[in-house]
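Step one of this worksheet: look at the structure below.
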Amino acid sequence: MKPAVVLYKRLPDNLRERLDEHFDVTEIESLSGENVRKHAGILQQAQGAIGAGGKFDKALLDAMPELKAASTISAGYDQFDVDEMSARGIALMHTPNALTETVADLLMGLVLATARRMVESVDRTKAGEWRASVDSSWFGVDVHHKTLGVVGMGRIGMALAQRARLGFSMPVLYNARHQHAEAESRFDAEYCDLDTLLARSDFVCIILPLTEATHHLIGREKLAKMKPGAILINAGRGPVVDEAALIEALENRTIRGAGLDVYEQEPLPVDSPLLRLPNVVALPHVGSATDETRYEMAATAVDNLIAALTGRVRENCVNPQVIK
Ligand SMILES: NC(=O)C1=CN([C@@H]2O[C@H](COP(=O)(O)OP(=O)(O)OC[C@H]3O[C@@H](n4cnc5c(N)ncnc54)[C@H](OP(=O)(O)O)[C@@H]3O)[C@@H](O)[C@H]2O)C=CC1
Ligand SMILES: O=CC(=O)O
């Protein structure tokens, strides 16, 4: 008998077929509370789970007593209680390498769009405001040769540093838990404590995971350390930045602007002040959202689940200690 697997996100047909070859798959729409109650019998039997967006807390794990592996179609895994999963011997698989370059492209895009006020300019052009050659009310600021501070020099941070240093001749500062010799030798990146990075950067790009240590890492006090006229970019996780403090800094113009892909609450409520601030470029969490990368992530997640449930894990496991 094939292992029972719950699929909670629609897959391209060929990947669904690959999953079906190995498992007895039941697809459900999502892991919302309502769906968890509705599909209790299916979850009770499932040995594997694959999808994106579910919150794997103790309550859900209790509802899935046979679970041996979960495969998330994402790099981040803050929605999983990893300690609890490890204690129960459940492997957690993720898709970090599939999206690195694509997310770095988007980060660089947010730097450019925010500095050059692209969204505002498009809006004004569409509103018929371009009636003569533009005056200084349309001007942005340069990106090339400005200082970029990367907070989180992991896979994506490195790919961003490459773009900034080699493509835009930007001096790169960085902060992480450890120093990264490769970033220093390839991109002349300079390790700084966070306060120094904030004080010296023209662009502060946050690409951190959400953990207890990073929650609200950037609050009122840290925002006050940024250069006047600097721009904050966040594509890591929303709660790394205290959003109320960010809104205050943007309204008071103590920083020039923000480029955001992630928020404390997602989807971002339509009445969020962030959506009415002209100096904010607000994207709907699309860091990895290209045809190629979303396919690659889904394919990787399918392979990850097959590897985890057949005992052949070689990579992409968050808690490899549970693999026997
Ligand atoms: N917007 C989007 O669509 C996407 C967002 N993401 C988010 O980006 C995050 C990063 O991805 P990725 O680069 O692949 O992850 P990595 O694990 O490769 O890198 C994480 C980096 O964060 C650093 N870090 C972790 N905790 C701290 C801390 N407390 N203080 C300072 N630095 C810290 C690490 O430091 P060190 O190197 O010293 O260990 C590392 O440099 C993901 O966890 C996810 O949340 C990912 C993909 C898409
Ligand atoms: O935010 C997206 C991810 O893959 O993590």
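Small disclaimer: the values here were computed from a predicted structure and weren't measured. Numbers here simply count residues along the sequence, with the first being 1. Counting starts at 1 for both ligands and their atoms, in listed order.
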Which residue supplies the protein heavy atom nearest to [atom], what is that atom called, and how far is it?
{"atom": "atom 44 (C) of ligand 1", "value": "Arg237 NH1, 3.6 Å"}
{"atom": "atom 7 (C) of ligand 1", "value": "Gly236 O, 3.5 Å"}
{"atom": "atom 30 (N) of ligand 1", "value": "Arg177 CG, 3.9 Å"}
{"atom": "atom 23 (C) of ligand 1", "value": "Leu208 CD2, 3.7 Å"}
{"atom": "atom 37 (O) of ligand 1", "value": "His180 NE2, 2.7 Å"}
{"atom": "atom 20 (C) of ligand 1", "value": "Pro209 CD, 3.8 Å"}
{"atom": "atom 4 (C) of ligand 1", "value": "Ala235 O, 3.7 Å"}
{"atom": "atom 14 (O) of ligand 1", "value": "Arg155 NE, 3.0 Å"}

Can you check side-chain hydrogen bond (donor to acceptor under 3.5 Å, both in side chains) on Thr102 and Asp105, steps first, answer last?
CA-CA 5 Å; Thr102 299; Asp105 285 350; 5.3 Å; no
Ligand-side contact atoms (ligand 1) for residue partner [X], heavy atom cut-off under 4.0 Å:
{"X": "His285", "result": "1 (N), 2 (C), 3 (O)"}
{"X": "His178", "result": "36 (P), 38 (O), 39 (O)"}
{"X": "Ser288", "result": "3 (O)"}
{"X": "Thr214", "result": "26 (N), 27 (C), 28 (C), 29 (N)"}
{"X": "Val103", "result": "47 (C), 48 (C)"}
{"X": "Leu99", "result": "47 (C)"}
{"X": "Ala213", "result": "29 (N)"}
{"X": "Gly287", "result": "2 (C), 3 (O)"}

Could you tell me whether [X] and ligand 1 have an N or O pair separated by under 3.5 Å?
{"X": "Asn175", "answer": "no"}
{"X": "Asp261", "answer": "yes"}
{"X": "Gly154", "answer": "yes"}
{"X": "Ile207", "answer": "no"}

Do the side chains of [Y] and [X] get nearer than 4.5 Å, heavy atoms only?
{"X": "Arg155", "Y": "Val103", "result": "no"}
{"X": "Phe168", "Y": "Met108", "result": "yes"}
{"X": "Lys58", "Y": "Asp81", "result": "yes"}
{"X": "Phe187", "Y": "Glu182", "result": "no"}
{"X": "Arg220", "Y": "Glu248", "result": "yes"}

Rounded to the nearest 0.5 Å, how far does CD of Gln79 lie from NZ of Lys55?
8.0 Å
Consider ligand 1: state whether an atom of it lies below 4.0 angstrom from any non-hydrogen atom of Gln179.
no
Checking side-chain polar atoms at under 3.5 Å, does [X] have a donor or acceptor matched by the opposite partner on [Y]?
{"X": "Asp135", "Y": "Ser137", "value": "yes"}
{"X": "Gln179", "Y": "Glu184", "value": "yes"}
{"X": "Glu243", "Y": "His216", "value": "no"}

Exceeds 12 heavy-atom contacts within 6.0 angstrom, atom CG of Asp13:
no
Atom CD of Glu29 with >12 non-hydrogen neighbours under 6.0 angstrom:
no
One residue to check: Pro96. Relative to ligand 1, which of side chain, backbone, both or neither has a non-hydrogen atom less than 4.0 Å away?
neither
Any idea which part of Ile156 is under 4.0 Å from ligand 1, heavy-atom wise: side chain, backbone, both or neither?
both
List the atom pairs, with distances to 0.1 Å, where a side-chain N or O of residues 4-11 and a protein N or O form a donor-acceptor pair under 3.5 Å, not counting sequence neighbours.
unit_1	atom_1	unit_2	atom_2	d
Arg10	NE	Glu27	OE2	2.8
Arg10	NH2	Glu27	OE2	3.3

Taking ILVMFWY side chains as joined if any heavy atoms are under 4.5 angstrom apart, and letting links pass through other members, which residues group with Phe139?
Trp130, Val134, Trp138
Please check: side-chain N/O of Arg312 versus main-chain N/O of Ala307, any donor-acceptor pairing under 3.5 Å?
no
Kindly determine whether Asn319 and Tyr77 satisfy side-chain hydrogen bond (donor to acceptor under 3.5 Å, both in side chains), including the steps that lead there.
CA-CA 11 Å; Asn319 53 353; Tyr77 48 84; over 6 Å; no
For Glu221, give me all partners under side chain to side chain contact (heavy atoms under 4.5 Å, CB included), at least two apart in sequence or on another chain.
Lys225
Check ligand 2 for N or O atoms under 3.5 Å from a protein N or O and list each pair with its distance.
unit_1	atom_1	unit_2	atom_2	d
ligand 2	1 (O)	Arg237	NH1	2.8
ligand 2	1 (O)	Arg237	NH2	3.3
ligand 2	1 (O)	His285	NE2	2.6
ligand 2	4 (O)	Ala75	N	2.8
ligand 2	5 (O)	Ala75	N	3.4
ligand 2	5 (O)	Gly76	N	2.7
ligand 2	5 (O)	Arg237	NH2	2.7

